[in-house]
Amino acid sequence: MSSNKGVVVLGSTGSIGRQTLDVIAQHSDRLHAVALACGTRVAEMEGQAARFGVQHTAVGADAALGLIGLDDADIVVNALVGSAGLRASYETLAAGKTLALANKESLVVGGDLLMPMAQQPGQLMPIDSEHGAIYQCLLGEDPREVSCLWVTASGGPFRGRTRDELAQVTASDALAHPTWTMGPKITIDSSTLMNKGLEVIEAHHLFDMPYERIQVVVQPQSAIHSMVEFADGSVKAHLGTTDMRIPIQFALSYPERWDAPVEPLDFRTLGRLDFAAPDTDTFRCLSLARQAGAVGGTLPAAMNAANEVAVAAFLRGDCGFLDIPACVEAVMSSHDTQPVESVDQLEGVDAAAREAACRFLSSVHVA
Ligand SMILES: NC(=O)c1ccc[n+]([C@@H]2O[C@H](COP(=O)([O-])OP(=O)(O)OC[C@H]3O[C@@H](n4cnc5c(N)ncnc54)[C@H](OP(=O)(O)O)[C@@H]3O)[C@@H](O)[C@H]2O)c1
C-alpha cells in the first residue's frame, strides 16, 4: 500500500460519505478519493467527483461493486444504508482490501460470512462510534480478560415516553435526534432503539463476544462512546466530542492517529455524565434484535429486512411508530431460521422477509 492511500467511498452523498470526504480533504497528504458511489443524488456526487479529481463513479449498489477492484483502491468505506451494502462488504474483504465499515447492516445480516474473511489485523475497521470506541479500548489488551462490553446509547428523542405517547409520534418528531445528525434510516432506528439492537449484533460479530456479555446503557450526553470491562473489574471508557469525523478518521488512519479539526471535549464544562438502563418494555426493537442475534443463522437478516421495510413505511407516513416493532416481530415469528451459507442465500432471505413485512403492514392498514 502506498503512503497515500486510495479510498473508495460508497454512499458519498450521505451523512457518513460526506464526512469521509471531509476527512480525506483534511489529510490529502495521506488519503485520496479514487471512486465514489451513490443511490439517487447523482448531481451531488458529480460535484464531489469534480472537487476531488475522482474519475470513477457509480450509481446503485450493483454498479458500486465494480469500483472495489480498482487497482489504486486500498480502502473501501462502505457508507451505504441497509442490507444493500452486504455484497460490497463481502467483495471488499474477498479482494483483500481494507473495509472501513459504517454499513452495520452488513454485519447484522452477514457477520457469520464476513468475520472469517477479515483475518488480518485492521482489515475490518468499524466506523460506528461505539465500535470504534470498543476497538480502541481493546488495543493492547488480551481478549480473554474482557468480561463485558458496554455499548452506550443516547436513548433517542423519545426517551422517557410511554407506549401511548409513542403511538402518536410522526417521522418529523423522530428525525429530531438529540445528539447526532445522521441519515433518515439510522435516525429512526435510534428513536426505536433498533439501532442499539443492530449495534449489539455488530459488536457480537466484531469482537467475538457472547450476547450475555454485551450490555447497553443509556448515556444521554453521548460523551462516552462505549466501554470495556475487564476480569479485574477495571473499566476502560472512550470519550470524545460527538463528531463522526473522529471515528471515520480513526478507521482510515489506523494504526496511526492523526490530528483532527474538531473541538476537544472540555471536561470543565461537560458538567455531568448520566447513566440509565434502556427501557426495553417500551422500545421493543432492542429486545427483538437481541433475540434475533441470540438465535442467529438467517434470523437477523429477516429481522433487519422487516425493520428496513417498516422504517421506510414510517418515513413515508404509511404506518405508525409502534408498527415498526410489530412488523419486525411478525416477520421474525414466521421466519424459518437456517444456518448462514452464502450472500445469495442471505439476499433471498432479505427479499422474502421484505415481502412478508409488506404483507404485514398492509394487513394492519387496510383502508
Ligand atoms: N450517519 C451517521 O452518523 C452514522 C453513524 C454510524 C453508522 N452509520 C451507518 O452508516 C450507514 C450510512 O448511514 P448514513 O447516515 O450516512 O445514511 P444516508 O445519509 O442515508 O446515506 C446513505 C448513502 O448511501 C447511498 N445509497 C443508498 N442506497 C444505495 C444504493 N442502493 N446504491 C448506491 N448507493 C446507495 C445514498 O445515496 P443517495 O443519497 O444519493 O441516494 C447515500 O449516499 C448506515 O448503515 C448507518 O447505520 C451512520
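Start at 1 and go down the list; that is how both ligands and their atoms are numbered. Worth knowing before you read on, the calculation uses all heavy atoms, side chains too, and leaves out hydrogens, waters and symmetry mates. The residues of the chain are indexed from 1 along the displayed sequence.
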Using a strict 4.0 Å cut-off to heavy atoms of [X], name the atoms of ligand 1 that fall inside it.
X: Leu80; result: 11 (C), 12 (C), 24 (O), 33 (C), 34 (N), 35 (C), 44 (C), 45 (O)
X: Asp128; result: 6 (C), 7 (C)
X: Thr40; result: 38 (P), 40 (O), 41 (O)

Looking only at non-hydrogen atoms, find the nearest pair between Asp336 and Gln338 and report the distance. OD2-NE2, 3.1 Å
I'd like to know if the side chain of Ser106 reaches the main chain of Ser89, judged simply by a donor and an acceptor atom lying under 3.5 Å from each other, with no hydrogens or angles considered. no
With a 3.5 Å distance limit and no angle check, can you tell me whether Glu202 reaches the backbone of Leu198 through a side-chain donor-acceptor pair? no
Checking Phe321 now: which residues fulfil ring-ring contact (aromatic ring centres under 6.0 Å, His included) with it, not counting sequence neighbours? Phe158, Phe314
Can you check which of Ala58, Ser12, Gly14 brings a heavy atom nearest to atom 21 (O) of ligand 1? Gly14
Please state which option from Thr20, Ile16, Ile127, Thr13 has its nearest heavy atom closest to atom 4 (C) of ligand 1. Ile16
Are any of the heavy atoms in [X] under 4.0 Å away from ligand 1?
X: Gly60; result: yes
X: Lys185; result: no
X: Ala79; result: yes

Looking at Asp189 and Lys104, is any side-chain nitrogen of the basic one under 4.0 Å from a carboxylate oxygen of the acidic one? no
Judging by distance only, is a nitrogen or oxygen of [X] under 3.5 angstrom from one on ligand 1?
X: Met244; value: no
X: Cys38; value: yes
X: Met182; value: no

Partner residues of Arg354 under the salt bridge (charged side-chain N to carboxylate O under 4.0 Å, His left out) criterion, sequence neighbours left out: Glu308, Asp350
Check Ile186 against ligand 1 and report side chain, backbone, both or neither, counting heavy atoms closer than 4.0 Å. side chain
Using a 4.0 Å heavy-atom threshold (strictly under), name the region of Lys104 that reaches ligand 1: side chain, backbone, both or neither. both
Describe, in one word, how the ring planes of His238 and His225 are oriented to each other, choosing from parallel (under 30°), tilted (30 to 60°) and perpendicular (over 60°). tilted
Can you find a side-chain donor-acceptor pair between Arg257 and Gln136 that sits under 3.5 Å? yes
